[in-house]
Amino acid sequence: MLDAAFIRDHMEEVRAGLRHRGIDPDKALQEIATLETARRRMIPEVEGLKRQQNASGDEIARAKRHGQDIGPVQEASRLRAQQIKQLGTQLDAIEGQRNRALLQIPNLPHATVPVGKSAADNVEVRRRGEPRTFDFEAKPHWELGEALGILDFERAARIAGARFAVLFGAGARLERALINFMLDLHTRQHGYREVEPPVMVNAAALTGTGNLPKFEADLFKIAGDWDLYLVPTAEVPLTNLHRGEILDGRELPIRYTAYTPCFRSEAGSYGQDVRGLIRQHQFDKVELVKLTTPEQSYGELESLVANAETVLDLLELPYRTVLLCTGDMGFASAKTYDLEVWLPSQKTYREISSCSNTEAFQARRANIKYRAGGTGKPEFVHTLNGSGLAIGRTLIAIVENYQQKDGSVVIPPALRPFMDGREVIEP
RNA sequence: GGAGAGGUGGCCGAGCGGUCGAAGGCGGCAGUCUUGAAAACUGCAGAAGUCGAAAGGCUUCCAGGGGUUCGAAUCCCUUCCUCUCCGCCA
């Protein structure tokens with residue numbers, strides 16, 4: 001959420017930022033400006049009446065103590081009370097409308113974000129590892145996985161439906177090894193605190209991160225008399241851990257990592273990546289979240305990206321790091337780097353991590369503040385999040401990049417300690 | 001699922017419908033004292049909104065929402081949460 005006062009005072013800047021995202025902001029911004037003006041006109045009026053009402057309350061109390069007649073004052077007070085209630089209702093309506101409108105506005109892109117319309121305008125900032133050359137036709141992971149007996153989509157469809165998968169044996173073990181490998185790395189080497197959060201969250205939490213109210217269609221909602229959704233990413237519970245708190249600035253930055261399953265309805269994605277593990281309703285992910293001061297947030301974004309890159313470096317998977325352009329960024333983000341891993345079967349780089357600084361966008365929605373030095377005036381923190389990494393897609397990358405002509409898959413050396421020293425998965 | 005007890009400032013904990021943003025304690029910050037620290041003493045300390053150039057003023061906030069009343073932390077309704085006991089259960 002943007003700050004209403006900021007929109008009022010920096011209308012042109014806001015307009016330009018939103019236009020770079022490819023949306024026409026005039027109508028929405030005009031509505032917010034109008035409501036904000038009306039709100040600020042009404043507030044002094046209502047508060048003036050309340051002040052009078054408080055004064056007459058004191059007067060009545062005093063008169064009563066002295067046994068004086070309070071009839072006339074009380075009558076005036078009664079009428080004023082009605083007026084206050086009526087104006088208060090109007091003011092609440094205006095404020096509610098303003099806030100609902102504000103929740104629909106995406107974050108503004110940071111000045112260092114390239115202006116562009118689509119993924120084609122993203123800027124590659126780094127490329128590491130050389131895509132391997134195969135002396136045979138590289139197979140897609142679903143063929144390899146099914147042949148190895150570690151991946152089963154048909155049985156998954158039987159028990160759940162399309163876009164689900166079952167892992168068996170070494171596949172299930174590989175998934176678990178990746179989770180442990182990443183959590184160990186981030187907690188031991190990168191300074192994150194491990195968290196095991198709920199994977200069902202309420203609407204307030206989802207509003208805090210920006211998933212609601214606008215993107216409800218992407219979520220799985222729990223049926224029955226529950227205000228609960230399955231988490232689309234651990235970013236939601238982790239970022240909301242401190243919702244409504246004022247943190248001591250000396251404790252920042254706070255760094256959390258969590259493994260959770262993630263659930264996405266992927267509404268509107270029909271026809272994309274229908275085969276294999278790329279796009280599933282349920283997938284595992286190790287997430288990284290930071291709460292920082294505004295001063296340090298962009299430094300922390302770079303180190304967060306580096307933390308995620310380290311995973312790919314250690315697994316010796318070829319990848320590139322891409323700075324998303326204004327038109328390709330998520331709703332809450334001010335600046336996003338994607339990590340894209342090389343998939344031999346597709347002969348292309350595919351997203352495996354997305355790392356964003358949302359600045360105060362989520363903090364304002366979730367009301368997360370800090371006091372500089374523990375004593376200053378409360379200010380909004382900056383929140384960051386990134387995948388470190390998506391487990392399922394990492395498994396895909398390993399299976400495809402480490403495949404051999406006979407259909408077996410070599411386990412990356414860094415992962416072998418998590419696989420009882422096993423070096424290869426074969427039929 | 002059944003029965004009961006609660007939710008007050010960073011924490012604990014008082015609070016007859018009016019003078020309560022809220023006693024007291026702990027913790028925090030600053031100072032006095034001290035070579036330093038501790039102790040003791042003194043003082044300062046919540047958040048949001050709004051007006052104002054500022055100083056400062058005003059309004060709101062005692063889990064959330066609604067109601068009664070001239071006036072609600074205090075009375076009523078409701079939702080949520082916590083705790084205890086019983087039942088069920090990984």
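What you are looking at is a predicted structure, and each value in this text was computed from that prediction instead of being measured. Chain naming here is simple, since letters A, B, ... match the order of the sequence lines and numbering starts at 1 in each.
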* Pull out every residue in residues 90-104 of chain A that has a heavy atom closer than 4.0 Å to any atom of RNA chain B, ordered by number, or say none. => none
* Asked: Which atoms form the tightest heavy-atom contact between A/Ser345 and A/Glu400, and what is the distance?
  -> OG-OE1, 2.8 Å
* B/G71 base to A/Gln53 side chain: any donor-acceptor pair below 3.5 Å? -> no
* **B/G46: pairing nucleotide in any strand, Watson-Crick or G-U under 3.5 angstrom** => B/C61
* N/O (side chain, A/Arg371) to phosphate O (OP1/OP2, B/A47) under 4.0 Å -> yes
* Structure fact -> Sorted by chain and residue number, the side chain to side chain donor-acceptor pair (under 3.5 Å) partners of A/Arg155 (sequence neighbours excluded) come out as A/Asp152
* Pair A/Lys117 + A/Asp121: basic N to acidic O under 4.0 Å -> no
* Structure fact -> Any strand, both distances under 3.5 Å, Watson-Crick or G-U wobble: B/C11 pairs with B/G25
* Asked: Quick one: side chain to side chain donor-acceptor pair (under 3.5 Å) partners of A/Ser387, sequence neighbours excluded?
  -> none
* Structure fact -> Using Watson-Crick geometry (N1-N3 plus N6-O4 or O6-N4) or G-U wobble (N1-O2, O6-N3), each under 3.5 Å, B/A40 is paired with B/U32
* Asked: Which residues satisfy the side chain to side chain donor-acceptor pair (under 3.5 Å) test with A/Thr233, sequence neighbours excluded?
  -> A/Lys285
* To do: Using both distances under 3.5 Å as the test, list the Watson-Crick or G-U wobble partner of B/C83, or none.
  => B/G4
* side chain to side chain donor-acceptor pair (under 3.5 Å): pairs with one or both residues in residues 83-93 of chain A, sequence neighbours excluded -> none
* Asked: Applying salt bridge (Lys or Arg N to Asp or Glu O under 4.0 Å), which residue pairs with at least one partner in residues 413-427 of chain A are found, sequence neighbours left out?
  -> A/Arg173-A/Asp420
* OP1, OP2 of B/U60 versus side-chain N and O of A/Asn54: anything below 4.0 Å? -> yes
* A/Lys85 near the nucleic acid: base, sugar-phosphate alone, or nothing, with a heavy-atom cut-off under 4.0 Å? -> sugar-phosphate
* To do: Report yes if at least one side-chain N or O of A/Lys377 is closer than 4.0 Å to OP1 or OP2 of B/A47; otherwise report no.
  => no
* Asked: With sugar-phosphate meaning primed atoms plus P, OP1 and OP2, does A/Arg40 contact a base, only sugar-phosphate, or nothing at under 4.0 Å between heavy atoms?
  -> sugar-phosphate
* Taking atom C1' in both B/G4 and B/A90, compute the distance separating them and give it to the nearest angstrom. => 27 Å
* Looking across every strand, which nucleic acid part, if any, lies under 4.0 Å from A/Arg39 by heavy atom: base, sugar-phosphate, or nothing? -> sugar-phosphate
* Would you indicate, yes or no, if B/G57 has its OP1 or OP2 atom less than 4.0 angstrom from a side-chain nitrogen or oxygen of A/Arg51? => no
* Atom CD of A/Gln82 to atom C1' of B/G71: distance rounded to whole Å? -> 15 Å
